[in-house]
Participant: 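Could you have a look at this structure, given as structure tokens, before my questions?
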Amino acid sequence: MYDPKPDAPVEYRGEFKPIDTNVPGIRISEHLPLHAKIADKFAIIRNMKFQQEGHTAPELYTGFLRGNRPAIGSIVSKLRSDGGIRTPLPPYVYLGDANHVGHPGFLGKAHEAYIPSDKAANLGLSKSLTLEKLADRRKLLTHFDEARRALDDPKGSRAGMDAFTSQALEMMTTNAARDAFDLSKEAVKLRERFGKGTEYLLARRLVEAGVPVVSITPQNHNVPAKCNGQWDHHDQVFECLKAVLPQYDRSVHALLTDLCDRGMEKDVAVVIWGEMGRTPRVGTQRGTTGGRDHWPQAGFAILAGGGFSTGQVVGATNPRGEHPIGTPYAPQNVLATLYRHLGIDPQTTINDHTGRPVYLLDDPTPVKEVL
């Protein structure tokens, strides 16, 4: 997609051909023609190296594979609450398959991602429930909570539920949350630009409404039965990418151009990546025939917006795409870049569940080329 190797042997270069972009010298897959028109709006990090080999994604959200670390969205939620920042909207929203959401780790339930159901169509008060009745129920709930606090709660789950209850009540008693999730408020022409990539448009609306961290796992629609709705295609990698890349290409183009049209490209940072790259040689692992498997040794990340220096390629892999040339970047470096954009020092410490202070990241070095 983003690191074609047209001069490599056929078993490495695969079926896709590269095309030129609007930035001289940057070439990407022929199946990303809309990307090619806006290559000046993103940076391609080609020398990424990952640790994990599976799809649970803790490294992308936390920078770590283990240790019950909080996701970046949960970190932001914690720091905002410590700073006394309260809004009707949750600080961390996830859109997509809940199997891939970043978890709060040792920060607990109070800082979990909010995962809307049915595009949050259930937000707001029932027509039969007045604000006065809601206030009475809130008082009753408070009395019950006070009576139950004497119970031992070693995992802090009740404190987390208290936070969720407070957030839910705020979301129900204001139109801010419901309006942010309401795509019908967007112009028809803009919705048509995004096509089926509604989660990209919803993410923009949420950020514009004040949600600091939104993460999505985009779903692919109307794809062949042999291709799953996401991205782990293996044997059918070329056929399936041909099916899913047109909508992905359209969605990313719509998102990045929409942010620019609204003057939000300096305020909103966008990162696109996956848990690993793919095997450089076609059909070499786990019995794959004609496809590619998991390859954490090398991969990519896209950075856009954020006031970053875009229209460039950062780093490179060797001629067959097997490993980065020189010192690679890791997920911690991308997260450090995002923390800096959010005004958070990546060397900040937060106490874990034992009260021990831990750094947000072990390596606070950002991707220097984009700053």
Side-chain angles (χ1 to χ4, degrees), residues 21-23 26 28 32-45 72-73 76-77 79-80 83 85 87-95 119-120 174-216 218 247-273 301-314 334-344 366-371:
T21 69
N22 69 342
V23 178
I26 297 182
I28 58 176
L32 298 174
L34 294 177
H35 274 66
K37 294 180 178 181
I38 58 165
D40 59 311
K41 299 186 188 305
F42 57 83
I44 306 172
I45 307 173
I72 182 172
V76 172
S77 172
L79 295 180
R80 282 169 64 92
I85 300 175
T87 69
L89 287 159
Y92 178 26
V93 176
Y94 175 79
L95 308 172
K119 301 294 187 294
T174 177
N175 290 332
R178 184 168 60 252
D179 288 348
F181 282 95
D182 187 357
L183 293 179
S184 70
K185 293 186 177 295
E186 293 290 343
V188 173
K189 280 192 174 181
L190 183 63
R191 297 205 303 269
E192 290 174 347
R193 275 171 57 187
F194 280 84
K196 295 184 183 301
T198 54
E199 57 268 81
Y200 295 82
L201 178 54
L202 181 54
R204 194 272 292 159
R205 284 188 60 81
L206 291 170
V207 170
E208 194 172 29
V211 178
V213 180
V214 180
S215 178
I216 69 174
Q247 179 57 58
Y248 167 75
D249 188 36
R250 178 178 180 177
S251 299
V252 173
H253 177 271
L255 175 63
L256 298 187
T257 55
D258 189 31
L259 289 173
C260 289
D261 290 346
R262 293 169 183 274
M264 299 171 63
E265 70 275 11
K266 291 185 179 179
D267 298 321
V268 181
V270 178
V271 60
I272 303 170
W273 55 355
I302 300 294
L303 282 175
F308 298 142
S309 176
T310 56
Q312 64 167 320
V313 169
V314 176
V334 174
L335 291 172
T337 308
L338 297 178
Y339 279 128
R340 283 172 57 101
H341 171 72
L342 290 164
I344 298 171
V367 180
K368 297 176 181 178
E369 291 88 343
V370 303
L371 298 180

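Since we're looking at a predicted model, the values are computed, not measured.
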Participant: Looking only at non-hydrogen atoms, find the nearest pair between Gln247 and Phe194 and report the distance.
Facilitator: NE2-O, 3.0 Å

Participant: Val213 and Val93: side chain to side chain contact (heavy atoms under 4.5 Å, CB included), yes or no, with the steps?
Facilitator: CA-CA 6 Å; Val213 180; Val93 176; over 6 Å; no

Participant: Answer yes if the side chains of Arg191 and Ser184 hold a donor-acceptor pair under 3.5 Å, and no otherwise.
Facilitator: no

Participant: Hey, could you give me the OG1/CZ distance between Thr337 and Phe308, rounded to the nearest 0.5 Å?
Facilitator: 6.0 Å

Participant: Please check this pair: side chain of Thr257 against backbone of His253, looking for a donor-acceptor N/O pair closer than 3.5 Å.
Facilitator: yes

Participant: With a 3.5 Å cut-off and sequence neighbours excluded, list the donor-acceptor pairs that the side chains of residues 36-43 form with protein atoms.
Facilitator:
| residue | atom | partner | partner atom | Å |
| --- | --- | --- | --- | --- |
| Asp40 | OD1 | Asn22 | ND2 | 2.7 |

Participant: Tell me, with the steps shown, if Leu202 and Leu95 meet side chain to side chain contact (heavy atoms under 4.5 Å, CB included).
Facilitator: CA-CA 9 Å; Leu202 181 54; Leu95 308 172; 3.9 Å; yes

Participant: List the atom of Ala177, the atom of Pro88, and the distance in Å for their closest heavy-atom pair.
Facilitator: CB-O, 4.5 Å

Participant: May I ask you to say whether Arg205 pairs ionically with Asp258, meaning some side-chain N is under 4.0 Å from a carboxylate O?
Facilitator: no

Participant: What I'd like to find out is whether the side chain of Leu201 reaches to under 4.5 Å of the side chain of Leu190, using heavy atoms alone.
Facilitator: yes

Participant: Do Val214 and Tyr200 have side chains that get closer than 4.5 Å, going by heavy atoms?
Facilitator: no

Participant: Is any side-chain heavy atom of Pro212 closer than 4.5 Å to one of Arg80?
Facilitator: yes

Participant: Determine the minimum heavy-atom distance between Pro366 and Leu371, stating which atoms define it.
Facilitator: CG-CD1, 3.5 Å

Participant: Do you know which of Thr310, Ile26, Val314 makes side-chain contact (heavy atoms from CB on, under 4.5 Å) with Ile44?
Facilitator: Ile26

Participant: Is the closest side-chain heavy-atom distance between Val270 and Leu259 below 4.5 Å?
Facilitator: yes

Participant: Should Asp249 and Pro33 count as side-chain neighbours, where that means a heavy-atom distance under 4.5 Å?
Facilitator: yes

Participant: Please tell me if the side chains of Ile302 and Val271 come closer than 4.5 Å, counting only heavy atoms from C-beta onward.
Facilitator: no

Participant: Look up atom CG in Leu256 and atom CE in Met264, then write down how far apart they are to the nearest 0.5 Å.
Facilitator: 12.0 Å

Participant: Does Val370 reach the side chain of Gln312, with side-chain heavy atoms less than 4.5 Å apart?
Facilitator: yes

Participant: If you measure from OG on Ser309 to NZ on Lys368, what distance do you get to the nearest 0.5 Å?
Facilitator: 15.5 Å

Participant: If you round to the nearest 0.5 Å, how far is CD1 of Ile72 from CG of Leu338?
Facilitator: 5.0 Å

Participant: Report the distance from atom NZ of Lys196 to atom OG of Ser251, rounding to the nearest 0.5 Å.
Facilitator: 11.0 Å

Participant: Taking C-beta and beyond as the side chain, do Tyr92 and Val76 meet within less than 4.5 Å on heavy atoms?
Facilitator: no

Participant: Would Arg178 and Asp182 pass as an ion pair if we require N to O under 4.0 Å?
Facilitator: no

Participant: Are Glu186 and Arg204 ion-paired here, with the side-chain N under 4.0 Å from a carboxylate O?
Facilitator: yes

Participant: So, the side chain of Ser215 versus the backbone of Tyr94: is there a donor-acceptor pair under 3.5 Å, distance only?
Facilitator: no

Participant: Give a yes or no on whether the backbone of Arg250 and the side-chain of His35 come within a donor-acceptor separation of less than 3.5 Å.
Facilitator: no

